[in-house]
Amino acid sequence: MHIRTRFAPSPTGFIHLGNLRSALYPWAFARHNKGDFILRIEDTDLERSSQEAVDVIIEGMAWLGLDLDEGPIYQMQRIDRYREVLRLMLDSGLAYPCYMSEDELNRLRDQQMANKEKPRYNGLWRPEPGKTLPPIPQGVEPVIRFKNPLEGSVIWNDAVKGSIEINNEELDDLVIARPDGTPTYNFCVVVDDLDMNITHVIRGDDHVNNTPRQINIMKALGGTPPVYAHLPTVLNDAGEKMSKRNGAMSVRDYQKAGYLPEAVLNYLARLGWSHGDAEVFTKEQFVDWFDLANLGRSPAQHNPEKLLWLNHQYIQNADPIELAEVAKPFAHALGIDTDHGPDFVQVVALLKDRANTLIEIAEGAKLFYLPSPSFTADQINANILEAIRPALSDLIEAIQTSESTKEGYAAAFKVVLAKHQLKMPALAMPVRYALFATTQTPAIDSVLVVLGKEEAIKRLSKVLQ
Ligand code: GLU
């Protein structure tokens, strides 16, 4: 079987990180099976759909590297096709016009509720052999309803939830087109999944209730239902449904906050799927390992600390040249001119072990690109104590002749510390202050390498004058 999966978002409202998990899994399943992955934009709800939301989805997927084989396909551009199928269903008796007005429907519902019955359409306009339909009312545009089977049940073996059986008695005749002729959501999904030869539908479990209806329509149209895998919801860290209102962030927000796409992909992959106890893995490994059997059955919970931890892992293990490339825009945003001053790759290499995000790298890099600090006499007296000056002076000399490496500078420090009977912090703190006007810097020997011997000596000498 040639596997074909799709991500079918409705571009309405806010697209949070959890939403993109519904793109990641079908993508990985298609890639694992050398199949096709399709993006279908379900934009028939004109009032709620927006281009902005479409852009967020497409950008987010591109950023995560979820490449497409087909699409984006917009449902609004397939309206003629839906109309064609509607016509075919009417002509072949699979669907029928229903003239029941909104008022009548409401009355019916009230009555059913009063009788403690489940509200459902009563089949008034459903044609049956030997049945006389009511006279067609004047000036009422009908909806079109699908003639759902009256008996039997719909059974499917959900790849996540196991076998599910719904009795057809519980399903009434679904409206598949509105009075103005526009097709409804469940109907479009079926036509698309059939036309696009989708073999596996991997989507959120908020669609479990739609599934038996979709399967019935699909079978009526002569199609074979795909395999369904319904993913449990992603909850936020407080255990609530994720939404913008309670602080959910979009993929774009994570990108702006300095997260790496590899880390976010790794994080999302584990949000409802596992491979033994593997926590950190590459995209290739993920595709290699991905299967439907290991999808989680209980709701996944968003864990911002874990995402940050993963981001740190990816930053720490990244190649400094590549990391510098992606960190550059963040540095530029802070006003750092990476073309002047120390080599940015070296700065990044120095900072990456301690940084959680690209913003933290940029913040840390600032130090190396600020102009050489100038001090008042009082500042110097307070921070470069008289007693330490001879050692500082010796250090300048030692640096002058040392190798311009971390080891070389460490050796220079060692000699001076021994000669003056000092502990490292006693010398390193004033040195940091002299170099940057702060005592918070990464390891001093590494800092000297990045800043450069000449610049370091210039700054150190300045405080001794
Ligand atoms: N458009 C639906 C949604 O965004 C998904 C439909 C589907 O995957 O079948 O929830």
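As a basis for the values below, the full set of heavy atoms in this structure was taken, side chains included, without hydrogen atoms, waters or symmetry mates. Both ligands and their constituent atoms are indexed starting at 1 by order of listing.
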Atom 4 (O) of ligand 1 - nearest protein heavy atom and its distance: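 Its nearest protein heavy-atom neighbour is S10 N, 3.1 Å.
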Protein residue, atom and distance nearest to atom 6 (C) of ligand 1, heavy-atom basis: Y185 OH, 2.8 Å
Can you list the atoms of ligand 1 that are under 4.0 Å from a heavy atom of [X]?
X	value
A8	1 (N), 2 (C), 3 (C), 4 (O), 5 (C), 6 (C), 8 (O)
R6	7 (C), 8 (O), 9 (O)
E42	1 (N), 2 (C), 5 (C), 6 (C)
H207	2 (C), 3 (C), 5 (C), 6 (C), 10 (O)
P9	1 (N), 4 (O)

Check against side chain to side chain donor-acceptor pair (under 3.5 Å), N236 and E240: CA-CA 5 Å; N236 69 9; E240 309 150 340; 3.0 Å; yes
Ring center gap for Y25 and F7 short of 6.0 angstrom: no
Residue from K161, R297, H230 passing side chain to side chain donor-acceptor pair (under 3.5 Å) with D205: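 Looking at K161, R297, H230, the match for D205 under the side chain to side chain donor-acceptor pair (under 3.5 Å) is K161.
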F7, portion touching ligand 1 at heavy-atom distance under 4.0 Å: neither
Rounded distance (nearest 0.5 Å) linking atom OG1 of T405 with atom CG of D445: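 Output value for this atom pair is 9.0 Å.
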From K283 atom NZ to L24 atom CG, the distance as rounded to the nearest 0.5 Å: 9.5 Å
F187 and Y82 aromatic ring geometry - parallel, tilted or perpendicular at 30°/60° bounds: perpendicular
